[in-house]
Asks: 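Mind having a look at this structure? Questions to follow.
We name chains A, B, ... by the order of the sequence lines, and we start the count at 1 in each one. Here the structure is a predicted model, which is why all the values come from computation and not from measurement.
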Amino acid sequence: MNEMDQEEIAKRRGLYFPSFGIYGGVSGLYDYGPYGSRIRDNIIRIWKQMMLSEGNIAEYDGTAITQASVLKASGHYDRFFDYSVECKKCHTKYRADHLIEEAGFEVNLSQSWLDEKIRELNLKCKNCGGELGPVQIHKLMFHVDQGNDQEGLFLRPETAQGIFINFKEYYRFFREKLPFAIIQVGRGYRNEISPRKALYRLREFNMMECESFFDPVNEKWIREPNDKEEIKFLTNYGKELTMSPKEAFDKGIIKSQPLAYFIGKSFQFFLRIGIDKEKLRYRQHKKDELSHYSSDTWDAEALTSIGWIEITGIAHRGNYDLSRHIEFSGRDLYAQRTIPQKKVYEDIKEIDFAGIRKKFGKDAASLIMQIKEGKKEIEINGAKVDISEFISIRKEEKIVDRENFIPVVIEPSFGLDRIIYTVIDHNLHVREESGYNVLSIPREISPYDVAVLPLLSNDDMEKMAIHIFQDLLLKNINAIYDDSGSIGKRYARYDEVGITYDVTIDHDTLKDNTVTLRHRDTKEQIRIKFDEIENRIRFYPWNGKIN
RNA sequence: GCGAGCGUGGUGUAGCCUGGUAACACGCGAGCUUGCCAAGCUCAUGCCCCGGGUUCAAAUCCCGGCGCUCGCACCA
């Protein structure tokens, strides 16, 4: 299936389409239509269900509008600018900060500094030796004008930060035991310079993120990594390996147990929603490719008609985020671990308030305040006063069996839109015999459970079909009804948007309440009583094969 | 942001060079066909990205804007 086919079908069939179409659209913004929205929701539902079924994962839902101070702590505020220079002669573009780094200098991220440094070092175009133009700035975060934060507000460039900020809420929720994880499904916003390729690079996009927290001395998830599935790995040395995540961890290819665990988990998720495992690999980031905070990152990449694309990143973020938020907010975002009991002696300062009051009278209040502030030199009206006789230090014995630490984080982060693109790419086929399209996505993510179709458009059959349609709706089955055009045309219509089953009402239905159940992939049909439909599409879904 | 190409019914395209009634296929709708895999027939619906200019006349030529595709760069 080539790239244009997907976009054409997506537009024509209501999977997704450019936003604000009647006004010409805005690049990098796409809407999901009637079928696309349902596929998307089904994928989210499965993902949440798989994650929450771990038992020690809880859900979070934060706002997209974010205080500048959060993004200063996270590092986005400083790093979400691109500084570029362009060669005046051959128009090759460079990152200004990269040029200076390559010249061996520490970079100070300000536009004027970069500009001056390039002149000072007399840097030239690497391509043609031409003179470089002025340093240009590109803001990669959307700014929201307003808010009481002096810097204004921003749309979040990732959903993760809200989770880190609320770490303590969840730490309490999990009764102060690690490991646990927090998931969030939501939108992120990046002001891409040139969004491209439909759902591949968007300005507003859907993410499904999971932040899992560990004690660094016991970095271990509650379950073992998958040892059943053979997965293709591409290491940062460029070596290709095929093995299970468990084996990859045991052999030290993946250094972190939870990282291996979530690779396995994500793999099972991908298979379940219909991604082709032959077109899936996990590629380790090279040293120079790693984010500023990460010591190891593996990207799940899918081979699609636009090449290998990153659909999920599983990153070891260390304790970067929490330690930054501790530093910037001054708040306690520590976890605690139990340690062997030990005795600690603490100095307790005892102050003889009565004695001070007796000696200094009305000046006592000022003195006591100064003592409490911890001042070394106590004075009254500029004159030093000796108050040592009123202060005594007492040693107190204390038993300590807990200590603070900053948890480390493993983050699997799923790019939902790219995943949807990949699922469609991997499942959209052209029927050889007819040349028509079939979207063979798994039943679980089908936009509707079933299409209800009268064979003929006559009153009796339509009446019966609508009756069956209503009955299915009452059973909470997502059914869609259609009596337009010929039966073959309708089958083709629903095959193309991935609906797995069609129920057809024909002459026999009127006589004996049976219908035919057709399967999208095999085009086979079986005849069943209409009150068995639910059973055969929900509880014991028919696989489309006739014995 | 630069360079190149492009923007015509719901979708895919022709027409543009050489200005003069906008075309084809599919789709969608109504009907006939009583038919199980986009069948056929009849009828109907519906389009020149936006703004300005040139001209008697602009889908067509010119300018600007917006958008798309590819390449460069970017992808934190």
Asks: Can you tell me the Watson-Crick or wobble partner of C68(B), both distances under 3.5 angstrom?
Replies: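 Its partner is G5(B) (Watson-Crick or G-U wobble, both distances under 3.5 Å).
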Asks: Whether E7(A) and K11(A) form a salt bridge (side-chain N of Lys/Arg under 4.0 Å from carboxylate O of Asp/Glu) is what I want to check.
Replies: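 E7(A) and K11(A): not salt-bridged.
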Asks: Please report, rounded to the nearest Å, how far the C1' atom of C75(B) is from the NE2 atom of H285(A).
Replies: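 From H285(A) NE2 to C75(B) C1': 11 Å.
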Asks: Checking base pairs now: Watson-Crick or wobble, both atom distances under 3.5 Å. What partners G40(B)?
Replies: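 Its partner is C32(B).
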Asks: What does A73(B) pair with, Watson-Crick or G-U, if both distances are under 3.5 Å?
Replies: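 None - no nucleotide pairs with A73(B), as no candidate has both distances under 3.5 Å.
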Asks: Is there a donor in the side chain of R283(A) and an acceptor in the side chain of N236(A), or the other way round, less than 3.5 Å apart?
Replies: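 No pair is found: no donor N or O on one side chain lies under 3.5 Å from an acceptor on the other.
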Asks: Considering heavy-atom distances to RNA chain B, does E158(A) or Y30(A) have its closest nucleotide positioned more toward the 5' end?
Replies: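 The 5'-side residue here is Y30(A).
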Asks: Rounded to the nearest angstrom, tell me the gap between atom CG in L439(A) and atom P in A38(B).
Replies: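 Rounded to whole Å, this separation is 19 Å.
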Asks: Rounded to whole angstroms, how far apart are CG on L15(A) and C1' on G10(B)?
Replies: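 L15(A) atom CG is separated from G10(B) atom C1' by 14 Å.
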Asks: Between P on A38(B) and CD1 on I9(A), what's the gap in Å once rounded to a whole number?
Replies: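 Value for this atom pair: 17 Å.
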Asks: Roughly, in whole Å, what's the span from CG in D299(A) to P in C75(B)?
Replies: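 Checked: the CG to P distance equals 14 Å.
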Asks: Could you tell me if S440(A) and D521(A) have a donor-acceptor pair between their side chains, going purely by distance under 3.5 Å?
Replies: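 There is such a pair between these side chains.
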Asks: Answer yes or no: does a side-chain N or O of S27(A) lie under 4.0 Å from OP1 or OP2 of G67(B)?
Replies: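 Answer no for this pair, as no side-chain N or O of S27(A) is under 4.0 Å from OP1 or OP2.
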Asks: Between U69(B) and U13(B), how many Å separate the two P atoms, rounded to a whole number?
Replies: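 Approximately 14 Å lies between the P atom of U69(B) and that of U13(B).
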Asks: Report the nucleotide, chosen from U11(B), A38(B), C37(B), that has the shortest atom-to-atom distance to any side-chain atom of Y436(A).
Replies: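 When the side chain of Y436(A) is considered, A38(B) is the closest of U11(B), A38(B), C37(B).
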Asks: Taking only side-chain N and O atoms of S434(A), does any of them lie within less than 4.0 angstrom of OP1 or OP2 on A38(B)?
Replies: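 For A38(B), neither OP1 nor OP2 has a side-chain N or O of S434(A) closer than 4.0 Å.
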Asks: For atom C1', what is the distance between C74(B) and G12(B), given to the nearest Å?
Replies: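 Here C74(B) and G12(B) have their C1' atoms 33 Å from each other.
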Asks: Using a 4.0 Å heavy-atom cut-off, does R518(A) contact any base of the nucleic acid, only the sugar-phosphate backbone, or nothing at all?
Replies: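 Base, at least one base heavy atom under 4.0 Å.
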Asks: Look at all strands and tell whether I487(A) reaches a base, only sugar-phosphate, or nothing, counting heavy atoms closer than 4.0 Å.
Replies: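 Sugar-phosphate, backbone atoms only, no base.
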Asks: Just by distance, with hydrogens left out, do Y320(A) and S74(A) show a side-chain donor and acceptor under 3.5 Å apart?
Replies: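 Not at all, the side chains of Y320(A) and S74(A) share no donor-acceptor pair under 3.5 Å.
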Asks: Measuring only the P atom in each nucleotide, how far is G5(B) from C62(B)? A whole number of Å is fine.
Replies: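 Taking atom P in both G5(B) and C62(B), they lie 12 Å apart.
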Asks: Roughly how many Å apart are C36(B) and G46(B), using the C1' atom of each and rounding to a whole number?
Replies: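 These two C1' atoms come out 31 Å apart once rounded.
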Asks: Looking at the side chain of R201(A), which of C74(B), C36(B), U33(B) is the nearest nucleotide?
Replies: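 In terms of side-chain proximity for R201(A), the closest of C74(B), C36(B), U33(B) is C74(B).
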Asks: Using the C1' atom as the reference point in each nucleotide, state the distance between C47(B) and C28(B) in Å, no decimals.
Replies: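 Between the two C1' atoms, the distance is 15 Å.
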Asks: Whom does G51(B) pair with, Watson-Crick or G-U wobble, provided both distances fall under 3.5 Å?
Replies: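 By the stated definition (distances under 3.5 Å), C63(B) pairs with G51(B).
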Asks: At less than 4.0 Å, is any side-chain N or O atom of K489(A) found next to OP1 or OP2 of C28(B)? Yes or no.
Replies: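 Yes.
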Asks: Distance only, no hydrogens: is a donor on one side chain within 3.5 Å (strictly under) of an acceptor on the other, for T304(A) and T422(A)?
Replies: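 Note: T304(A) and T422(A) side chains miss the donor-acceptor criterion.
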Asks: Could you give the CD-to-P distance, from E7(A) to C70(B), as a whole number of Å?
Replies: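 Whole-Å distance recorded here is 9 Å.
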Asks: How far, in whole Å, is C66(B) from C56(B) if one measures between their P atoms?
Replies: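 Roughly 32 Å separates the two P atoms.
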Asks: Considering only heavy atoms and no angle criterion, is a donor-acceptor pair shorter than 3.5 Å present between the side chain of Q525(A) and the base of C36(B)?
Replies: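 Yes.
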Asks: The side chain of E8(A) lies closest to which of these nucleotides: G27(B), C37(B), G12(B)?
Replies: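 When the side chain of E8(A) is considered, G12(B) is the closest of G27(B), C37(B), G12(B).
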Asks: Hunt down the Watson-Crick or G-U wobble partner of U11(B), both distances under 3.5 Å, from any strand shown, or write none.
Replies: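 The base-pairing partner of U11(B), which may sit in any strand shown, is A25(B).
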Asks: Could you state the atom-to-atom distance from CG of D482(A) to C1' of G27(B) in whole Å?
Replies: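 It works out to 13 Å between those atoms.
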Asks: Mind checking if D506(A) touches a base, just sugar-phosphate, or nothing, with heavy atoms under 4.0 Å?
Replies: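 Result for D506(A) = base.
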Asks: Using only side-chain N and O atoms of S484(A), determine if any of them is under 4.0 Å from OP1 or OP2 of G29(B).
Replies: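 So the side-chain polar atoms of S484(A) do come within 4.0 Å of the phosphate oxygens OP1 or OP2 of G29(B), strictly under.
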Asks: N458(A) or R418(A): which one's nearest nucleotide on RNA chain B is closer to the 5' end?
Replies: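 The answer here is N458(A).
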Asks: Return yes if a side-chain donor-acceptor contact under 3.5 Å exists between Y32(A) and D417(A), otherwise no.
Replies: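 Their side chains do contain a donor-acceptor pair, which is all the 3.5 Å distance test asks for.
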Asks: Side chains of H325(A) and Q161(A): is there a donor and an acceptor less than 3.5 Å apart?
Replies: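 On atom types as modelled, these side chains qualify, holding a pair under 3.5 Å.
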Asks: Using the P atom on both, measure C6(B) against U18(B) and round to a whole Å.
Replies: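 It works out to 15 Å between them.
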Asks: Over all strands shown, is P18(A) touching base, sugar-phosphate only, or nothing at heavy-atom distances under 4.0 angstrom?
Replies: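 It contacts nothing in the nucleic acid.
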Asks: Over how many whole Å does the gap from L29(A) atom CG to C68(B) atom P extend?
Replies: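 Going from CG in L29(A) over to P in C68(B) covers 9 Å.
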Asks: Let's see if you can work this out: which of U34(B), C36(B), A38(B) has an atom nearest to the side-chain heavy atoms of H507(A)?
Replies: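 Comparing U34(B), C36(B), A38(B) against the side chain of H507(A), the answer is U34(B).
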Asks: Roughly how many Å apart are U60(B) and C48(B), using the P atom of each and rounding to a whole number?
Replies: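 Nearest-Å result for C48(B) against U60(B) at atom P: 12 Å.
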Asks: Please say whether more than 12 non-hydrogen atoms of neighbouring residues, nucleotides or ligands are located less than 6.0 Å from NZ in K286(A).
Replies: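 Atom NZ in K286(A) is not crowded, with 12 or fewer foreign heavy atoms closer than 6.0 Å.
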Asks: Describe the nucleic acid contact of E496(A) in one word from base, sugar-phosphate, nothing, applying a heavy-atom distance below 4.0 Å.
Replies: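 If one applies the 4.0 Å heavy-atom cut-off, E496(A) turns out to touch a base.
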Asks: In the strands shown, is C16(B) matched to any nucleotide by a Watson-Crick or G-U wobble pair with both distances under 3.5 Å, and which?
Replies: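 In the structure as shown, C16(B) has no Watson-Crick or wobble partner.
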